[in-house]
Colleague: 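Structure incoming, see below.
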Amino acid sequence: MIKYLGSKRRLVPQIVALARAIPGARRALDLFTGTTRVAQGLKAAGFTVTANDIATYSAVLGETYIATDAAAVDPARVDALLQELDALPAHRGYVTRTFCEEARYFQPANGARIDAIRAGIDRLARTPTERAIALTALLEAADRVDSTTGLQMAYLKQWSPRSHRPLRLRAPTLLAGSGRVHCEDARRCVARDVDYDVAYLDPPYNQHSYYANYHIWETVVRGDAPEPYGVARKRLDVRTTKSEFNLRGAAWDALRAVVLGLRARHCILSFSNEGFLTDAAIRTLLAERFGEVAMVPVDSPRYVGARIGIHNLRGERVGEVSHLRNTEWLFIAGPDAAAIAEPLQAAS
Ligand SMILES: C[S@@+](CC[C@H](N)C(=O)[O-])C[C@H]1O[C@@H](n2cnc3c(N)ncnc32)[C@H](O)[C@@H]1O
């Protein structure tokens with residue numbers, strides 16, 4: 001799995017436990033799925049999952065881990081494809097020039113392999129599923145040899161130790177069962193004519209844009225060559241591609257529209273105590289739509305960048321953050337929310 005700001009890696013067991021405790025729940029929606037970790041946890045627990053996110057790279061992860069049924073894929077064919085891609089001769093293209101020479105996100109030798117493999121995927125993948133699996137393998141391989149703190153707003157001043165390792169493709173571990181993936185704004189996704197037993201909402205909670213923070217994954221997946229700007233060599237359209245959830249003045253209306261539009265019996269929502277919205281406001285909104293609301297506070301380490309310190313755009317450490325932990329609020333809303341949250345509250 002790729003390193004990701006706000007990833008719910010540690011919370012997956014609690015979120016899945018809440019979803020499983022909902023009587024008769026089978027169909028789940030992960031509306032801001034990001035890495036798809038939560039959607040994967042739900043799929044592994046037997047839910048039929050729909051994963052949605054506005055990011056193109058997230059849709060590729062979703063096609064691989066959520067939409068694809070492991071039973072329908074020939075592992076030998078996947079291994080053969082990845083071996084063929086891994087053996088391609090390196091080629092100095094856009095990724096090498098932009099992200100390895102004009103910036104230092106990857107060693108140039110690995111950048112040239114990313115360029116070669118990305119072009120190879122368009123030639124050699126025979127189906128959309130193979131394409132998604134190969135792109136997922138490429139993103140995860142590139143993530144293992146990057147030279148960042150996990151965000152692509154800046155690269156490290158000194159090469160990270162992992163960046164010296166050669167990039168290697170590994171087959172993603174697929175899950176049994178089928179699911180669906182959408183790549184669209186959350187408002188549009190909830191307007192679809194589909195009902196769920198439970199919807200999980202993990203919206204961005206502050207001004208940090210995912211499109212800007214993961215611009216390299218967007219570019220690698222799209223395979224385009226946008227004009228880059230600044231020291232970080234971000235795509236020019238980062239300047240104009242904004243999520244309402246990242247805007248203090250718009251986040252509340254956006255969340256309100258999504259929650260009130262949800263076609264689900266229950267909702268699980270996570271939010272940080274450091275975000276734009278208060279615990280009380282979220283409770284009131286969920287109560288308006290679902291009736292009963294319970295909340296479990298979970299103490300969490302802050303994002304990796306905070307733990308590594310404050311860096312400027314050139315990757316130089318310029319300060320320390322004030323604190324290293326925060327609280328994730330885990331809300332559950334529905335006709336029987338308190339009963340569902342009780343065991344988890346007791347455990348936490
Ligand atoms: C906190 S992250 C979700 C992390 C995810 N739960 C995980 O564990 O990987 C928020 C996600 O919301 C997505 N996003 C931002 N604005 C959106 C919008 N308007 N509609 C749908 N997704 C959006 C971002 O691309 C990002 O992946």
Side-chain angles (χ1 to χ4, degrees), residues 1-16 18-19 28-44 49-62 64-66 136 139-140 143 150-152 181-192 198-218 221-222 235 237-238 241-248 250-259 261-262 267-277 298 300-305 326 328-331:
M1 274 284 111
I2 55 171
K3 298 181 284 298
Y4 207 58
L5 181 70
S7 149
K8 295 300 171 289
R9 187 164 61 91
R10 290 187 174 78
L11 287 184
V12 173
Q14 280 108 317
I15 295 164
V16 172
L18 284 174
L29 168 67
D30 183 1
L31 190 58
F32 301 87
T33 196
T35 60
T36 73
R37 286 173 200 280
V38 175
Q40 286 184 52
L42 291 167
K43 183 176 174 184
V49 181
T50 298
N52 176 68
D53 199 287
I54 201 139
T56 315
Y57 55 82
S58 175
V60 157
L61 301 175
T64 300
Y65 291 115
I66 305 306
T136 297
L139 291 182
E140 294 180 351
D143 186 66
L151 306 176
Q152 296 167 352
V181 174
H182 302 301
C183 183
E184 60 194 12
D185 187 273
R187 288 192 194 229
R188 181 184 282 257
C189 188
V190 299
R192 285 174 178 268
V198 56
Y200 172 60
L201 272 56
D202 185 21
Y205 63 84
N206 63 16
Q207 73 280 12
H208 296 301
S209 154
Y210 282 83
Y211 195 70
N213 271 309
Y214 298 102
H215 63 99
I216 298 177
W217 298 156
E218 278 292 330
V221 165
R222 293 182 190 201
R235 310 168 57 90
D237 62 7
V238 162
T241 307
K242 305 286 175 200
S243 168
E244 291 175 289
F245 292 89
N246 293 129
L247 304 171
R248 187 181 284 279
W252 171 249
D253 284 345
L255 186 67
R256 190 172 159 75
V258 163
V259 168
L262 278 176
C267 174
I268 301 171
L269 188 151
S270 48
F271 210 77
S272 167
N273 69 326
E274 298 184 337
F276 289 151
L277 310 177
V298 185
S300 306
R302 292 183 83 212
Y303 70 97
V304 65
N326 69 327
E328 285 283 342
W329 299 320
L330 210 47
F331 296 91

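Whatever order the structure lists them in is the order used to number ligands and atoms, beginning at 1.
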Colleague: Out of all atoms in ligand 1, which are within 4.0 Å of some heavy atom of Phe245? Include the element for each.
Modeller: 19 (N)
Colleague: Just let me know how Glu184 lines up against ligand 1, side chain, backbone, both or neither, with a heavy-atom cut-off below 4.0 Å.
Modeller: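 For Glu184, the contact with ligand 1 is made by the backbone alone.
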Colleague: What atoms of ligand 1 come within less than 4.0 Å of a heavy atom belonging to Asp202?
Modeller: 1 (C), 2 (S), 3 (C), 4 (C), 5 (C), 6 (N), 10 (C)
Colleague: Numbering the atoms of ligand 1 from 1, which are under 4.0 Å from a heavy atom of Ser7?
Modeller: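 Close to Ser7: 7 (C), 8 (O), 9 (O).
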Colleague: Nearest heavy-atom pair of Ile15 and Ile268: which atoms, and what distance?
Modeller: O-CD1, 3.9 Å
Colleague: I need the Asp253 CG to Leu247 CG distance, nearest 0.5 Å.
Modeller: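 Here the interatomic distance stands at 11.5 Å.
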Colleague: What protein heavy atom sits nearest atom 20 (N) of ligand 1, and how far away is it?
Modeller: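 I find the closest protein heavy atom is Ala186 N, 2.9 Å.
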Colleague: With heavy-atom distances below 4.0 Å as the criterion, list the atoms of ligand 1 near Tyr4.
Modeller: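 So the atoms of ligand 1 that pass are 9 (O), 25 (O), 26 (C), 27 (O).
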Colleague: Are any of the N/O atoms on Thr36, whether in the backbone or the side chain, positioned under 3.5 angstrom from an N/O atom of ligand 1?
Modeller: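 Not met; the criterion fails.
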Colleague: If the cut-off is 4.0 Å to any non-hydrogen atom of Ser243, which atoms of ligand 1 fall inside it?
Modeller: 15 (C), 16 (N), 17 (C), 19 (N)
Colleague: Should the pair Arg187-Glu244 be classified as a salt bridge under the 4.0 Å nitrogen-to-oxygen rule?
Modeller: yes
Colleague: Does Thr33 approach ligand 1 within less than 4.0 angstrom via side chain, backbone, both or neither, non-hydrogen atoms only?
Modeller: backbone
Colleague: I want to know if ligand 1 touches Tyr200 in the polar sense, i.e. an N/O pair below 3.5 angstrom.
Modeller: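 No; the residue has no nitrogen or oxygen that sits under 3.5 Å from a nitrogen or oxygen of the ligand.
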Colleague: Can you confirm if the aromatic rings of Phe245 and Phe276 lie within a centre distance of less than 6.0 Å?
Modeller: no
Colleague: Hey, what's the ring geometry for Tyr205 with Phe271, parallel, tilted or perpendicular (30° and 60° as the breaks)?
Modeller: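 Perpendicular.
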Colleague: So which heavy atom on Lys8 is nearest to which on Val38, and how close?
Modeller: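 Scanning both residues completely, I find the closest heavy atoms to be CB-CG2, 3.8 Å.
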Colleague: Is the number of heavy atoms from other residues, nucleotides or ligands within 6.0 Å of CZ (Arg222) greater than 12?
Modeller: yes
Colleague: How long is the gap from CG on Asp202 to CG on Asp30, to the nearest 0.5 Å?
Modeller: 7.5 Å
Colleague: So, the side chain of Ser58 versus the backbone of Gly34: is there a donor-acceptor pair under 3.5 Å, distance only?
Modeller: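 The answer is yes, because a donor-acceptor pair under 3.5 Å joins these two groups.
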Colleague: Heavy atoms only: which of Thr35, Leu61, Leu5 is nearest to atom 9 (O) of ligand 1?
Modeller: Thr35
Colleague: Gly6 to ligand 1: N or O pair under 3.5 Å?
Modeller: no
Colleague: With a 4.0 Å cut-off on N to O distance, would you call Glu140 and Lys3 a salt bridge?
Modeller: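 The answer is no: the pair does not qualify as a salt bridge.
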Colleague: Hey, could you give me the NE2/CG distance between His215 and Asn213, rounded to the nearest 0.5 Å?
Modeller: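 One finds 8.0 Å between NE2 of His215 and CG of Asn213.
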Colleague: Within a distance under 4.0 Å of any heavy atom of Pro204, pick out the atoms of ligand 1 and give their elements.
Modeller: 10 (C), 12 (O), 15 (C)
Colleague: Can you check whether Pro301 reaches Arg10 side chain to side chain, under 4.5 Å on heavy atoms?
Modeller: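 Yes, at least one pair of side-chain atoms sits under 4.5 Å.
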Colleague: Please confirm whether Tyr210 comes within less than 3.5 Å of ligand 1 when only nitrogen or oxygen atoms on both sides are compared.
Modeller: no
Colleague: With only distance considered, is Asp53 within less than 3.5 Å of ligand 1 through an N or O on each side?
Modeller: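 N/O-N/O distance under 3.5 Å: yes.
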Colleague: For ligand 1, does Phe32 get within less than 4.0 Å through its side chain, its backbone, both, or neither, judged by non-hydrogen atoms?
Modeller: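 The answer is both.
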Colleague: Quick one: which ligand 1 atoms are inside 4.0 Å of a heavy atom on Asp185?
Modeller: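 In order of number, 18 (C), 19 (N), 20 (N).
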Colleague: Does any N or O of ligand 1 fall below 3.5 Å from an N or O anywhere on Tyr57, backbone included?
Modeller: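 No; every N/O pair is 3.5 Å or more apart.
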Colleague: Give yes or no for whether the N/O distance cutoff of 3.5 Å, strictly under, is met between Lys8 and ligand 1.
Modeller: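 So ligand 1 has an N or O lying under 3.5 Å from an N or O of Lys8.
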